[in-house]
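Numbers restart at 1 for each chain; the letters A, B, ... are given by sequence-line order, proteins then strands.
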Protein chains: 2
Amino acid sequence: MEVTRRSFMRGLGVTGGAGLAYGAMSTLGLAPAAAAGPRRFQPPAMADLIDRVDGSPTVVVLGGGPAGLCATYELQKAGYSVTILEARQRPGGRVWSIHGGDEETDLNGETQKCTFSDGHFYNIGATRIPQSHITMDYCRELGVELQTFGNQNANTFVNYKSDTPLNRQSVSYRAAKADTYGYMSELLQKAASRGALDDVLTPDDKDALSEFLSGFGDLSDDGRYIGSSRRGYGSEPGAGLNFGDATEPFGMSEVIRSGIGRNFSFEFGYDQAMLMFSPVGGMDRIYYAFADAIGSDHIVYGAEVTALKNTSGGATVEYVKDGSAESISADYVICTIPPALVTRLDNNLPADVLLALRAAKATPSGKLGIEYSRRWWETDERIYGGASNTDMDISQIMFPYDHYNSDRGVVVAYYNTGKRHQAFESLTHKQRLAKAVAEGSMIHGEKYTKDISSSFSGSWRRTKYSESAWVSWAGAGDSHGGVATAEYEKLLDPVERIYFAGDHLSNAIAWQHGAFTSARDVVTAIHERVTAS
Amino acid sequence: MEVTRRSFMRGLGVTGGAGLAYGAMSTLGLAPAAAAGPRRFQPPAMADLIDRVDGSPTVVVLGGGPAGLCATYELQKAGYSVTILEARQRPGGRVWSIHGGDEETDLNGETQKCTFSDGHFYNIGATRIPQSHITMDYCRELGVELQTFGNQNANTFVNYKSDTPLNRQSVSYRAAKADTYGYMSELLQKAASRGALDDVLTPDDKDALSEFLSGFGDLSDDGRYIGSSRRGYGSEPGAGLNFGDATEPFGMSEVIRSGIGRNFSFEFGYDQAMLMFSPVGGMDRIYYAFADAIGSDHIVYGAEVTALKNTSGGATVEYVKDGSAESISADYVICTIPPALVTRLDNNLPADVLLALRAAKATPSGKLGIEYSRRWWETDERIYGGASNTDMDISQIMFPYDHYNSDRGVVVAYYNTGKRHQAFESLTHKQRLAKAVAEGSMIHGEKYTKDISSSFSGSWRRTKYSESAWVSWAGAGDSHGGVATAEYEKLLDPVERIYFAGDHLSNAIAWQHGAFTSARDVVTAIHERVTAS
């Protein structure tokens, strides 16, 4: 199996496959590192089909998630006649916001009914949008109101196991950063002043570096880190002679060995750096907006696809709805069904395509949301959004980014992947909740166990019609993109009249942007084929 | 003049003057660096006055800004009869959100009328709230809806003068951080591996440090920084074989010498670290909510105070309203008028108090807001909130934190202090706009000069009834608090029946939290005096 590893992860230079480059920045003399926009996409237009095609070309789209809805929406702009078959009773697929009233039976056989209060929810799938993703553009185009998603917070905690006095201590991000950056600056300052880097630093470099480190680390005049107001206070400074109770820094060795800085780089990530966004009311708002724009007569909910076959000059899909077997044919089919599930359909796909579909491996991941009847994280810990991080199985606790200062809210008690998630997925909901609360209370104390009014959990490998949070490609590691295996490349081409789309065929796996760009590529390919014919 | 410099700026340990410590964290076994809450404040209660006082004690409050409104609101809880005299026709004082329809004549003699579109505004005074400040608690108590304020953004730019190729180049924060942290990590890694720090690092420390630096700097396997996806892309990665156009890192020496990292530590600051907040619709919403709670019959707008005198067993205030001289007497007066302006009143304050009031020096600062009829920062540069920073006079450009993805928005074209602001304050508005646009277009290109629909500027030293953005205390440097000069301490005590309050008498100068804590201290002092009598 050939694996083409692209160099983009390390920015070794401009890689191939560029096509239309987004060049607005360079015309302004801005540095090339300025924020990138998405590539230009030309939606199909009515005028393209005039005098070229008799009637409206027909397309059946399998799956009403981001890829399927996006493809349909774009094809409709040119007058294609599109029908979406969606097995669930809602749009959005793995973009699922859990609201009160939601009911789901998982593949463990357990049924949960959500009883969250009106207006409260959590996103059990996609929850945040980077500014560069075209998801932002669809929100604009569809009129979906955005708000900031708190992806980092100085006031949340880290809590890790170590062989230092910081073992299983909850340390605020602000204190962890102040101490880590302080000692890091002190050490580099010391090394440079000792001449240890004179072969790589000029005297001018050293002066400039010293000035930077002094501010970056909040160093004393003699170049030492001896604590900082950045750490926070034991009690808040106020008026008059209340200067607040300053806090002592942790020792250098314990800061380094405890690894309290291990998660700092998360927030530098290309797709995780603040500011991040999410629709007001839940990520699902995007898909209800797509569905509204597409029109309810073009979406068949509760349609469970059973067969997918190329025919002469088209393709046919069989499905079951309300217990009845149905069939639909079209000029083209866009299949956004998760790859492993496609292989189970009655189909006439070639053997190498089926092998390629099987190379997409299901990632275990899921979340559990707890509605608390008291926003203790705000009133007691001054935490308004963001996440606490740990090396326990829960991995992180995400605080709500809405309803600030109100009387209740939904905390995501875990969002984890891999083995840490597998520790939860076979448990009953009650067991999951007990484990999540036990671990969470190690970080946030006894209050974590109180004022719980309801909860709801989901595990994507145990969720019908998905069976995966997202995929990784066999042989490509845990990459979320940037790696093209032979199987991945195979599925970029249509099989006669059947096209595959979804985030799994993108360099933004697990992101809505990946699904949208894949859908746009397929729309472009179909439209070129139609207008060339 | 005695200057007591408190050690809190460097966190040398627990300082004096603590009083009631906020101890909820320690009972949970959390590290002392956990986020601090405010001190406990016990509002005066009706029951406190029963059988102790005949009738309602009377208080006149001079100034309807944060300190005056807060003091009134808290005193009313116990049934004090309070009257606020406010010179302006609105509450909030230096917390002023500029909306369409606002009209103001400044001390330069120029009148501006704001024509921003409905719902659009900018905060020309206080604009952001840290999670730890009691401002958050007043928002909860008063039902003021909060949203995230984007105080940092990976997609905004830095643009500085230097003798490197980065001179006056706009570099995204994400690229500046990736390169700075990358080289910083490479250098420290190198120094440690050479043994240059063996006297301070154990072998275990070195191993842990190396692991941290590898992730923090996104280093290659051989410990070098050779670029990173964290920098961003020339064109965005998408589906299929579109891996995006990676970007080249800048050179190590130019990264260090250009100082593109000089502002990173801003976002670690105790009172500037994300997540930060602001009320939906403008910071002024807090003060309209206070005014509503207080009741319009307790606030006299348009009342320009002319005299302030202690009398036998009370105090008397003279003021002019609608051209008529008026007088009001009360048991106590709380004076929140800016200190320099108090000295101009007809008064019988002692000479040392007048000297103390004069030691509060006015800080020059102000902003200019431009309404654009196109959100080019979002569509063209993928910037949704946050600020670009520069060493030009404008200092920074702040992008709106509301109305995302809509068709227009108000950009703060400068927010600066000291000499950089003085370069604007004597100009006409038209001249200010021209200079701001000229500098801003150096950062964001020609589009910065287009689609401008209206603008409004203000300079706090030239703003009637304020004449200062905030104060610094003579002999205390530019500190925003943490320093008690003799004059500062002098004003913490009442002069017979007259009490002083405001952020200038706090360790959070220029923050609403400072005004509130000062007001609470005065409320507590008056209430103790009343109930002890």
Side-chain angles (χ1 to χ4, degrees), chain A residues 6 8 11 14-15 17 21-22 28 30-33 35-36 38 131-132 140 146 148 150 153-155 169-171 175 188 191 196 205 208-209 215 227 229-231 233 235-241 243 245-247 256-257 265 268 270 273 275 382 384 404-405 445 492 506-507 517-518 521, chain B residues 6 8 11 14-15 17 21-22 28 30-33 35-36 38 131-132 140 146 148 150 153-155 169-171 175 188 191 196 205 208-209 215 227 229-231 233 235-241 243 245-247 256-257 265 268 270 273 275 382 384 404-405 445 492 506-507 517-518 521:
Chain A
R6 305 291 166 158
F8 95 117
V14 176
T15 56
Y22 180 83
L28 298 172
L30 299 181
Q131 296 163 92
S132 59
R140 182 188 303 111
L146 289 169
T148 309
N153 190 344
N155 283 10
Q169 287 293 304
S170 290
V171 178
L188 183 51
D205 292 343
L209 181 64
S229 66
R230 294 173 188 171
R231 306 186 86 254
Y233 292 84
S235 74
E236 181 78 11
L241 300 180
F243 298 97
D245 292 328
T247 59
I256 294 172
R257 284 188 301 114
S265 59
F268 313 144
Y270 179 59
L275 296 165
R382 318 298 293 186
Y384 288 76
Y404 298 119
N405 269 342
L492 299 178
S506 81
N507 295 292
T517 53
S518 173
D521 281 1
Chain B
R6 304 291 167 159
F8 96 117
V14 176
T15 56
Y22 180 84
L28 297 172
L30 299 179
Q131 296 163 94
S132 60
R140 181 188 305 112
L146 290 169
T148 309
N153 190 344
N155 282 11
Q169 288 293 303
S170 290
V171 178
L188 183 51
D205 292 344
L209 181 64
S229 64
R230 296 173 187 171
R231 307 186 86 252
Y233 292 84
S235 75
E236 181 76 13
L241 300 180
F243 298 97
D245 293 328
T247 59
I256 294 172
R257 283 189 301 113
S265 59
F268 313 144
Y270 180 60
L275 296 166
R382 317 298 294 188
Y384 288 75
Y404 298 118
N405 269 341
L492 299 178
S506 80
N507 294 293
T517 51
S518 173
D521 282 0

Closest non-hydrogen atom pair, A:Tyr270 against B:Ser229: CB-O, 3.4 Å
Heavy-atom pair count under 4.5 Å with chain A, highest-scoring of B:Leu146, B:Thr517, B:Asn405: B:Asn405
Which atom of A:Gly240 lies closest to which atom of B:Asn507, heavy atoms considered: O-ND2, 3.1 Å
Heavy-atom pair with the smallest gap, counting every atom of B:Asp205 and A:Ile256: O-CG2, 3.3 Å
Non-hydrogen atoms of A:Tyr404 and B:Thr148 that approach each other most closely: OH-OG1, 3.5 Å
Nearest heavy atoms of B:Arg382 and A:Ser132, plus distance in Å: NH2-O, 3.4 Å
Pairing residues for A:Phe268 by the ring pair (Phe, Tyr, Trp, His ring centres under 6.0 Å) criterion, not counting sequence neighbours: B:Tyr181, B:Phe216
Sub-4.5 Å side-chain heavy-atom contact between B:Gln131 and A:Asn153: yes
Chain B contact via A:Leu492 - side chain, backbone, both or neither, heavy atoms under 4.5 Å: side chain
Best-contacting candidate, A:Gly215, A:Ser265, A:Gly150, against chain B by heavy atom pairs under 4.5 angstrom: A:Ser265
Counterpart residues, side-chain hydrogen bond (donor to acceptor under 3.5 Å, both in side chains), relative to B:Asp521 (two or more places apart): none
